[in-house]
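One structure below.
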Amino acid sequence: MQVASVIVDVAAMQTDRSFDYLIPDKWSGMIAPGMRVIVPFGPRSIQGFVTEVKSRSEVEKLKPLIEPMDLLPVLNAELLSLADWLTETTLCFKISAYQAMLPAAMKAKYEKVFRLIDGKTPSTKEIAELFQNRTEILWEEVAKLGLLTVFRQEVKANRIELVYKVKSKGNKKMIRMIGCALPANQSKEYIEQLPANALKQKLVLEYLVKQTSKFVSAKEAMEASGASSATLKSLIEKGLIVETKQEMYRDPYENREFQKTEPLPLTELQEKAIIPILQSIEQEQHETFLLYGVTGSGKTEIYLQSIQKVLKIGKEAIVLVPEISLTPQMVHRFKGRFGDDVAVLHSGLSIGEKYDEWRKIQRKEVKVVVGARSAIFAPFENLGIIIIDEEHETSYKQEENPRYHARETAIKRAQHYNCPVILGSATPALESFARAQKGVYKLLTLSKRMNDQALPDVEIVDMREELRDGNRSMFSRALFEKLEDRLKKGEQTVLFLNRRGHSSFIMCRDCGYVSGCPHCDISLTYHRYSHQMKCHYCGYEEPVPHACPECNSEHIRYFGTGTQKVEEELGKLLPYAKVVRMDVDTTSKKGAHEKLLRQFEEGKADILLGTQMIAKGLDFPNITLVGVLTADTMLHIPDFRSSEKTFQLLTQVSGRAGRHELQGEVVIQTYTPEHYSIQLAGEQDYDQFYQQEMMIRKMGHYPPFYFLALVTVSHYDVITASSITEKITNYLRSHLSKSAIILGPVASPIPRINDRYRYQCLIKYKREPKLNEGLKTILEHYTKQHKDKHLQVAIDVNPFIMM
DNA sequence: AGCACGCCGACT
DNA sequence: GTCGGCGTGCTC
């Protein structure tokens, strides 16, 4: 009998290995690696993934697996080995890697039910009554009734059984189809024989007879004939029509027209950049290209034409875009060029919609995937190119297990398929640019905007001076003047602000009291529309205080400015200006994002006010002014990448202005105008910024000169948290080479979240072959649960967020 | 993770 | 003397 090695759906240290099961003869030959199966595990049944099919096992007493969940593997050999790599490099459980690669719909759901055993009668009337008109009762219901003990006795006495069910979240959408059951040559006669009052029935049959295909959707047939479902029902009863269900895709872009676009002629620079990419595609040679092109230099057209080449030789393409910029604009460009060959994957889709897009990819019904981070796992089997747009974006790093980076994952996959990776950005991540300098990546440069448009003029305004001159508004005089000017000319403005909501925190002006979260070491954020103070880390809420809880003073001031507050202010200062506000709060509804952008595009608004999400991808000809209200909010967060992030963001936002005929202007308001990342963003000088920042990174022993690994320990007890971190730090000190720099133990930048105290240890290293092994030992040692179940140890290799 | 098995305190 | 508390260890 065959044996299947299975990774079970239990994310824990002790179960992070394969378990062997017998394959019952009836499934023999049908079970393959990469398929999901239901297996018995202890007393329950759970989902698992087959990793290997073999003829014998080391283990003596094997249980047979219950049944397969798939007819075809959901993970191919390449993805299975990619999961091995993910597990190894990010130190996650294998099951977590598998789950990250598949749509959420494939994650199993479990249900426990009590079932009355055939022919048995429960010992009490009460239980018998519960089973009156059903054979199963949910475990939860029994628990709620407080009858678990009684039921347990019944189970022992073999009158009731406890059944563990595995349910798939994946629900294929089915539609009702009907077809004519009349003999083809006599249909007329049959229809005529119907009673005279069966008018609707006749219409339905006539409609069906006219159809070229056997089955049509019931909905269509009803609409066309004006019949109701009752009509169909009686036709089915008479046996005149037959009914089936057909699987169908949910189409998130249904009824949407995409203007077909043709390849544009490339500029000389674009031409030069695309040649090596096309070569790599043709010669099937893996190479990673860093496509470094200023904003508006036409990177997208290079992507499109490279993909075209890939499709022409019968291969497939993955395009990653940051979640936030998965704007309709981007989707339009790809759907416009490649039509139905494109699947789109982003967080705005429902679980079912994502599942459908995934199945289209698996069935090879599409050739191109445009999606956010997790689209890197698209189950293509003949990849010809992987493109990562805005490659510097932090959203390409997953912040929970498996903590993978889409860039490294892309390179890993591309090596397997011998195909190129294109990393595109106007402001590459320092790591990427450094690799390009060293020749690890191949640098392709687009130094000019298309049609030689000039980059926008940038003015940096010192807000301290504004304040000194008595301007206490959030708009500097320069920005306000220009804003008025654009309104007069009918041109559009983009205003950028890094913070949503109203104000960031409130403080008592008399005693300086700031209301903080009782569970976390962080101040509460004021939310205007709910009129609550909220903690962004644990969700704690409390009402806004009318008086200071410390000194009873009523002088409470709102600090920090959010988009809501700016919107209010604009309403006061420029009441005739039409403002569209875009942030998480206004775009959370489905389709809201697109709607707001369309309003702006059609000129129905003068000012687009928003957060991060308006920083990239926008390309509207009438935008001639970009205002950054406070450039330094990001600069002061305790993260060695804060300068880089500030520079990138400012450059991206500035790039929204003057992309077409009209010349653009940018105003950057700041309290630290002398800071190099603001100065150099103003000059749009990436190269200079790169030089400067590299020096700082070198001195601080930070990436790209060193790699990082971060161990975070949290516990309800401060002493435990710090002492365990100390032990871990000491262990690492003794295990790693002299050249590794080990910092800690120190409290995390946010020392307490959700009542858990957090300590960390940071490792900076260049080459440390024993590191992964050491980190694994730490995880194994401290996650043996009975040690201390309140203890949490999290390890992030190459962390992005240091908090 | 979840579940059973097993060993100690407060109840019929 | 039993019910149920949660410490410990296993799941092919």
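Throughout, protein chains are lettered first and strands after them, A, B, ... in sequence-line order, and every chain is numbered starting at 1.
- For A/Y765, the side-chain hydrogen bond (donor to acceptor under 3.5 Å, both in side chains) test picks out no residue, with sequence neighbours left out.
- Listed by first and then second residue, the salt bridge (Lys or Arg N to Asp or Glu O under 4.0 Å) pairs involving residues 46-57 of chain A are A/D20-A/K54 (not counting sequence neighbours).
- Applying the ring-ring contact (aromatic ring centres under 6.0 Å, His included) test to pairs two or more places apart or on separate chains, those with a residue in residues 49-74 of chain A are A/F49-A/Y98.
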Here DNA chain B, pairs taken as Watson-Crick or G-U under 3.5 Å and shown with ( ), [ ] when crossing and | when to another strand, reads |||||||||||.
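- With distances taken from any side-chain atom of A/K63 to the nucleotides C/dT11, C/dG4, C/dC12, the minimum falls on C/dC12.
- A straight line from CD of A/Q14 to C1' of C/dT11 spans 10 Å, rounded to a whole angstrom.
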If you look only at distance, which donor and acceptor atoms sit under 3.5 Å apart when one is on a side chain in residues 21-30 of chain A and the other is two or more places apart or in another chain?
unit_1 : atom_1 : unit_2 : atom_2 : d
A/Y21  : OH     : A/P40  : O      : 2.7
A/S28  : OG     : A/Q2   : OE1    : 3.3

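- In this structure, the NZ atom of A/K109 is 21 Å from the P atom of B/dA1, given to the nearest Å.
- A straight line from CD1 of A/I38 to P of C/dC12 spans 15 Å, rounded to a whole angstrom.
- Using a 4.0 Å cut-off, some side-chain N or O of A/K112 falls inside it from OP1 or OP2 of B/dC3.
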Name the atoms and distances for all side-chain donor-acceptor pairs under 3.5 Å in residues 711-721 of chain A, with sequence neighbours left out.
unit_1 : atom_1 : unit_2 : atom_2 : d
A/S714 : OG     : A/R756 : NE     : 3.0
A/S714 : OG     : A/R756 : NH2    : 3.4
A/H715 : ND1    : A/D717 : N      : 2.8
A/H715 : NE2    : A/D788 : OD1    : 3.4
A/H715 : NE2    : A/D788 : OD2    : 2.8
A/D717 : OD2    : A/T720 : N      : 3.2
A/D717 : OD2    : A/T720 : OG1    : 2.5

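- For A/R17, taking side-chain heavy atoms from C-beta onward, the closest of the listed nucleotides C/dT11, C/dG4, B/dC3 is C/dT11.
- For the pair A/R17 and A/F19, the cation sits on the ring face: its NZ or CZ lies under 6.0 Å from the ring centre, inside 45° of the axis.
- Among the heavy atoms of the strands lying under 4.0 Å from A/T149 are primed sugar atoms or P, OP1, OP2 only; no base atom is included.
- For the pair A/K156 NZ and B/dA4 P, the interatomic distance rounds to 10 Å; values are reported in whole Å.
- Between the CG atom of A/N401 and the P atom of B/dA1 there is a distance of 12 Å, given to the nearest Å.
- Following rounding to the nearest Å, A/R152 (CZ) and B/dC3 (C1') show an atom-to-atom distance of 10 Å.
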Evaluation steps, side-chain contact (heavy atoms from CB on, under 4.5 Å), between A/L82 and A/R413: CA-CA 8 Å; A/L82 189 70; A/R413 286 198 82 181; 3.8 Å; yes
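- Side-chain atoms of A/D20 lie closest to C/dC12 of the nucleotides C/dC12, C/dG4, B/dA1.
- Atom-to-atom, CE of A/M13 to P of B/dG2 comes out at 18 Å; the value is rounded to the nearest Å.
- Ring-to-base geometry places A/F41 in a stacked arrangement with C/dT11 (centre distance under 5.5 Å, plane angle under 30°).
- Residue contacts for A/F93: at a heavy-atom cut-off of 4.0 Å it reaches no nucleic acid atom on any strand shown.
- Distance A/L148 CG to B/dA4 P: 11 Å, rounded to the nearest Å.
- Applying the 4.0 Å criterion to OP1 and OP2 of C/dC12, one finds that A/K61 has every side-chain N and O outside that range.
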